[in-house]
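I have placed the structure first, in the form of structure tokens, so that the comments after it can refer back to it.
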Amino acid sequence: MKKFSKKDREVKLFVGPQHPGVTGNMSFEITLEGDILTSVKTHVGYLHRAFEKLMERRLFIQNFPLVCRICVPESDTNEENYARALEELSGIEVPERAKWIRTLVLELSRLQMFMRWIGGIAGTMGLSTAPQWSVGDRDYILDLFEELTGGRIYHIYILPGGVRRDLPEGFEERVLKVMDYLEKKLPDYDDLIFENAVFKKRLKGIAKIDPSWVEEIGVTGPVARACGFPFDVRKEQPYEVYDKLDFEIITENGCDLYSMAMVRRREIDLSINLIRQIIEKMPKGDVWTPLPNVLYWKIPAGETYVKSEATRGEFGYYVVTDGSDKPRRVHVRGVSTPHAYTLLERLVPGMNISDFSVAIVGLQTCPPEIER
Amino acid sequence: MSVWLIALIKIIVLFAWLMLFALYATLLERKESAVIQDRHGANRASIFGISSFGIFQPFADALKMLFKEDFIPDFADKKMFKFAPVLTFFFSSLVIIAIPFGEPIKIGDKTISLQLINPDIALILIFALSSMSIYGVILGGWSSKNKYAFLGTMRATAQIISYEVALIFSVISLIMVYSSMKLYDIVLFQKAYLWGWLPRWGIFLQPLAFIVFIIAAIAETKRAPFDLPESESEIIGFFVEYSGIRFGVYMLTDFIETIMLSLLITVLFLGGWHIPFIERTGLSANWIKAIEIIGFQIKTFLVFGFLLLVRWTFPRYRFDQLMELGWKTLVPISIFNLIVTAIVIGLL
């Protein structure tokens, strides 16, 4: 009788790019032994749009519609980073009120991203009620964006020198109304998801991260904070007006998916709190420093690296200019590259196949930012 | 009227009842989930502009399924692939033959029992038939020759075999209490009162068995939070290669299994068609019979609605957790319940 070796028992499966449990646009080649994953290999290239190369051939201002597509659901971080890099290089001053408005937009964007994530993590676990609720509630924030910027997803609102236009009349009250609504609705989410016994059972102890990996791979954001690392760019290197806001860095000590989920849950409260603070403290004034004619706008030679705290972690832009009207090089540090690529490949051995898609969503993978 | 004609009419009525219930179960599930999820639910299917809350939706769905491309992959075992949905559908809908729907009614000088057959081993027959339906799942997943489908099949087999143990252990303690396996006799047993006020229903006599039964029943029907064989975000399911009406049959079978289990729960635990204290109201016997038949339907409907409700409030278990729940929690509880029941019956 033939003896079966370990190799014979292994099954190779391709998960994605067409798979309901994967965020899409990337493929995972997984090796299974029974229900247990032994290894994973991430295949990217399904969404390669060559943004970084395209940006070298366009005027500075023409790049704004490109950068907001680097991570589709959270476009404002990209716009803000790129605009801030250009301001640093060209020395344009941003009016005080514009900075506050930018922070408001960033926090609203963070909030809608968290709402979307709630739907994602619950959806991969077969609880389809939560996506319906959270996508519906996220729409109220998108309505605010539509009123403010004209677009629901791609805003192109933050430009070098400030923001495109001032807040509409009564906008602050409408933001506060949505925040009141969300605060009223969040206990329902707690009952349905975060306090749910099965949810806790599913996530506790899954995808356990070794704290030494955090510095080795460059893990940031809620994933690092779930490991007890109090690192938040908003606090460490405050940009825009985060130094004038009063908040604490949220950390948990579980290192697992449940801690990550709880960090995000508490950051939803933090974002709502920050938005209230911003609206309370926002000064009056100009929102826009007029630029020179943008078609002939040249930026002196130089290089800079700006970074900010996106929903998923630290997001950075490295911009090099050579004195012409186009950037010499733009490099984007996407958070998902270390998370969904390096970290996931390390986390997977020994994981159950059921937890695989939960882990992908739990790390908040955003495939477009892996391939810029 | 010969016996055969009566039996034929009963078969037709039962099958029509089952199909209608199953079709509208899909609508009920969609509407129920819509209420939970702040949506309207299906309401567009209309005939001559009358949509009336989507009551035509099940027929529109069925038509759509019929006219969709019936795709069979090249690498599949074609005969088994075609045979599998029929097998699982056949066995799971066959369970209905032993279910009593009410007291026997009199038409002319003939007494017609509202039950197709009343065998002595009704409960064994029912569980044997419902276990047979797993062969359809095994064949369907296996003959697709798809790795995802194969994983789903393995999960379904392991899950159903393990939960059947808990299910049957909880039923054994019921059989000891009722001292009969005939479903008609079981309902008759429940038509009495403890201490003159508490209906002698299974749920009051065997509360632990009821809890075990209802959890195991949800797992048996492969519905969330135990929908691992078809967990669409992990392995998509054992019917991943199925399309068109063959997929529709699998989906309908899920609902039929749920209907069967809600019928069984009604008969075994909720007193069948018994409505407490109705005989003390002084209504005529015929009226009571009619009300009881309707009451049976309403009970089944409510149990069914509850089984659907669970799906929208729980995330899915992981497979090892599912096995743990089955073997380490439900089976010991049901065995404990069995022993306690045996001791109490022995003492009384």
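So you know, we letter chains A, B, ... as the sequences are listed, proteins then strands, and number each from 1. Remember, it's a predicted structure, so these values are computed and weren't measured experimentally.
- Within the 4.5 angstrom heavy-atom criterion, no atom of A/F356 approaches chain B.
- Heavy atoms only, all atoms of each residue included: B/P315 and A/N196 are closest at CD-ND2, 3.4 Å.
- Looking only at distances, a side-chain donor or acceptor of B/Q37 sits under 3.5 Å from a matching main-chain atom of A/S128.
- Taking NZ of A/K12 as the start and NZ of B/K147 as the end, the distance is 8.5 Å to the nearest 0.5 Å.
- Your options are A/I193, A/L192, A/N352, A/L32, and the one with the most heavy-atom pairs under 4.5 Å with chain B is A/N352.
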Under the side-chain contact (heavy atoms from CB on, under 4.5 Å) criterion, do B/F314 and A/M125 qualify, and how do the steps go?
CA-CA 9 Å; B/F314 278 107; A/M125 289 198 291; over 6 Å; no
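- Closest of all the heavy-atom pairs between A/F14 and B/Y148 is O-OH, 2.7 Å.
- B/W142 CH2: 12 or fewer foreign heavy atoms inside a 6.0 Å radius.
- Heavy-atom contacts from other residues, nucleotides or ligands closer than 6.0 Å to NE2 of A/H43 number more than 12.
- Proximity of A/D35 to B/D320: side-chain heavy atoms (C-beta onward) are nowhere separated by under 4.5 Å.
- Defined by atom type and a distance below 3.5 Å, a donor-acceptor pair is missing between the side-chain atoms of A/T129 and B/R311.
- Residue-environment remark: OH (A/Y181) exceeds the threshold of 12 foreign heavy atoms within 6.0 Å.
- By the neighbour-count criterion of 12 heavy atoms within 6.0 Å, atom OH of B/Y135 is sparsely surrounded, having that number or fewer from other residues, nucleotides or ligands.
- Nearest heavy-atom pair, B/W312 versus A/L127, reported as atom, atom and distance to 0.1 Å: O-CD1, 3.6 Å.
- Around the CZ atom of B/F75, the shell of radius 6.0 Å holds more than 12 heavy atoms that belong to other residues, nucleotides or ligands.
- In this structure, the portion of A/I206 lying under 4.5 Å from any heavy atom of chain B is its side chain and not its backbone.
- Heavy-atom pairs under 4.5 Å with chain B peak, among A/D355, A/V11, A/V358, at A/D355.
- Enclosure of atom CD in A/E147 by more than 12 non-hydrogen atoms of other residues, nucleotides or ligands within 6.0 angstrom is indicated.
- Residue-environment remark: CZ (B/F53) stays at or below the threshold of 12 foreign heavy atoms within 6.0 Å.
- The number of heavy-atom neighbours closer than 6.0 Å to CZ of B/F56, taken from other residues, nucleotides and ligands shown, is above 12.
- Nearest heavy atoms, A/S354 versus B/R155: OG-NH2, 3.2 Å.
- One N or O on the side chain of B/Q321 and one on the backbone of A/K201 form a donor-acceptor pair closer than 3.5 Å.
- Counting heavy-atom pairs closer than 4.5 Å to chain A, the top-ranked of the candidates B/D38, B/L228, B/T313 is B/T313.
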